[in-house]
Amino acid sequence: MISYRHSAEAVKPDQLRGFFEGWPNRPPASRHLEILNGSDYVVLALEGDRVVGFITAISDGLLSAYIPLLEVLPSYRQQGIGSELVRQMLETLRGMYMVDLVCDPELEGFYARFGMKPYTAMIIRNVESPR
Ligand SMILES: CC(C)(COP(=O)(O)OP(=O)(O)OC[C@H]1O[C@@H](n2cnc3c(N)ncnc32)[C@H](O)[C@@H]1OP(=O)(O)O)[C@@H](O)C(=O)NCCC(=O)NCCS
C-alpha cells in the first residue's frame, strides 16, 4: 500500500535509493535528502519505509511556486502514484497566482490533466558541474 507524506523529516538516505534515473550527474541519496529538506514543499510516496516517488516545490509562499522535480521509481510507474503526487502538490499550492514547471513535450498531456497549460520557458542547465 502506498502512503503519502508532506515532509521529509525523519527520512534517512537509505530510504531514497534509485532516483534521478538517466541523469548524467546523478545526485547521491544524501544529496537527494538535502534537496527534499531544502524545498519549501514536498510530497513523498512511500511503500513501507521506502520512498518510491516524490515531488518538490520552491515558493515565496504567497504568489508563486515552481515545481522542479517529480519522479516515481520505474517499477512503481503507471499505477497513479505520479498523478497523486501532482494532485496533492497542486492542492497544497492552490490559490497561488503562478505555479510553473518545465517538462518535455511528451509530458504535456500528463500535466494538462491537472489544468496546466503549455507555455514558453527559458532555462539554464549546469550539467557538467552542478553545485
Ligand atoms: C512522469 C512520472 C512521474 C509519472 O509517474 P507515474 O506514477 O507513472 O504516473 P501515473 O501512473 O499517475 O500516470 C502515468 C501517465 O503519465 C504518462 N507518462 C509518464 N511518463 C511519460 C512520458 N515520458 N511521456 C509520455 N507520457 C508519459 C503515461 O503515459 C501515463 O498515461 P496513461 O495514464 O494514459 O497511461 C514518471 O513517469 C517518472 O518518474 N518519469 C521520469 C521522471 C520525469 O520525467 N519526471 C517529470 C519531470 S517534468
Side-chain angles (χ1 to χ4, degrees):
M1 206 187 82
I2 305 296
S3 61
Y4 294 87
R5 209 188 278 178
H6 285 234
S7 164
E9 209 180 272
V11 171
K12 302 277 182 290
D14 267 1
Q15 296 170 250
L16 290 166
R17 301 287 170 213
F19 287 101
F20 300 101
E21 185 205 16
W23 282 46
N25 263 319
R26 217 166 154 154
S30 57
R31 195 71 167 154
H32 189 179
L33 188 55
E34 287 182 62
I35 290 164
L36 296 176
N37 284 323
S39 300
D40 293 300
Y41 303 101
V42 60
V43 187
L44 306 177
L46 291 103
E47 189 184 53
D49 270 355
R50 185 179 189 197
V51 177
V52 299
F54 75 100
I55 186 169
T56 58
I58 312 295
S59 174
D60 56 27
L62 290 171
L63 197 78
S64 52
Y66 175 67
I67 297 177
L69 294 170
L70 164 69
E71 188 172 354
V72 173
L73 291 178
S75 58
Y76 288 85
R77 289 178 192 164
Q78 295 294 333
Q79 302 171 36
I81 297 171
S83 297
E84 185 58 18
L85 289 169
V86 174
R87 194 193 67 73
Q88 292 197 21
M89 181 57 83
L90 292 181
E91 179 61 26
T92 299
L93 303 175
R94 189 153 55 99
M96 288 202 183
Y97 172 68
M98 56 177 94
V99 177
D100 299 349
L101 61 81
V102 174
C103 72
D104 291 337
E106 310 88 77
L107 277 167
E108 284 179 4
F110 173 75
Y111 289 114
R113 294 175 190 175
F114 306 96
M116 303 190 85
K117 292 176 239 168
Y119 208 69
T120 305
M122 303 290 283
I123 67 167
I124 292 172
R125 290 289 180 271
N126 188 0
V127 176
E128 295 309 320
S129 53
R131 285 192 192 190

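For clarity, every value in this text was computed on a predicted model and none was experimentally measured. Both counts, for ligands and for their atoms, begin at 1 and track the order of listing.
Counting only heavy atoms of the protein, atom 24 (N) of ligand 1 lies nearest to Glu106 CB, 3.4 Å. Annotation: atom 21 (C) of ligand 1 to nearest protein heavy atom, Leu107 CD2, 3.4 Å. The nearest heavy-atom contact from the protein to atom 39 (O) of ligand 1 is Val72 N, 2.8 Å.
The CD1 atom of Ile67 lies 4.5 Å from the CD1 atom of Ile55; values are rounded to the nearest 0.5 Å. With values rounded to the nearest 0.5 angstrom, Asp60 atom CG is found 15.0 Å from Tyr66 atom OH. A distance of 9.0 Å separates OG in Ser3 from CG in Leu44, rounded to the nearest 0.5 Å. Residue Ile58 holds its CD1 atom at 12.5 Å from CG of Asp100, rounded to the nearest 0.5 Å.
For ligand 1, the atoms closer than 4.0 angstrom to any heavy atom of Cys103 are 48 (S). Listed by number with element, the atoms of ligand 1 under 4.0 angstrom from any heavy atom of Gln79 are 11 (O).
Between Val102 and ligand 1 there is a heavy-atom distance shorter than 4.0 Å. For the pair Leu101 and ligand 1, no heavy-atom separation below 4.0 Å is found.
Minimum interatomic distance between Thr92 and Tyr41 (heavy atoms only, all atoms of both residues): CG2-CD2, 3.6 Å. Closest of all the heavy-atom pairs between Leu33 and Pro13 is CD2-CD, 3.7 Å. The shortest non-hydrogen separation linking Arg31 to Arg131 is NH2-O, 2.8 Å.
Only the side chain of Tyr111 comes within 4.0 Å of ligand 1, judged by heavy-atom distances. If you look at Asp104 next to ligand 1, there are no close heavy atoms at all, none under 4.0 Å.
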Yes or no on side chain to side chain donor-acceptor pair (under 3.5 Å) for Tyr4 and Gln88, after CA distance, side-chain angles and deciding distance?
-> CA-CA 9 Å; Tyr4 294 87; Gln88 292 197 21; 6.0 Å; no

Test side-chain contact (heavy atoms from CB on, under 4.5 Å) on Glu71 and Arg77 and set out the steps.
-> CA-CA 9 Å; Glu71 188 172 354; Arg77 289 178 192 164; 4.0 Å; yes

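Contact annotation for atom 27 (C) of ligand 1: protein present (non-hydrogen atoms, distance under 4.0 Å).
One option in Ser83, Gly80, Gly109, Gly82 has a heavy atom closer to atom 11 (O) of ligand 1 than any other, and that option is Gly80. Considering only non-hydrogen atoms, atom 42 (C) of ligand 1 lies nearest to Leu70 out of Leu73, Leu70, Val86. With atom 32 (P) of ligand 1 as the reference point, the heavy atom nearest to it among Glu84, Glu21, Arg113 is part of Arg113. Remark: among candidates Glu108, Gln78, Arg87, Arg77, the nearest residue to atom 29 (O) of ligand 1 is Gln78, based on non-hydrogen atoms.
Below 30°, between 30° and 60°, or above 60°: for His32 and Phe20 the angle between ring planes is above 60°, a perpendicular geometry.
The shortest N or O to N or O distance between Phe110 and ligand 1 is not under 3.5 Å.
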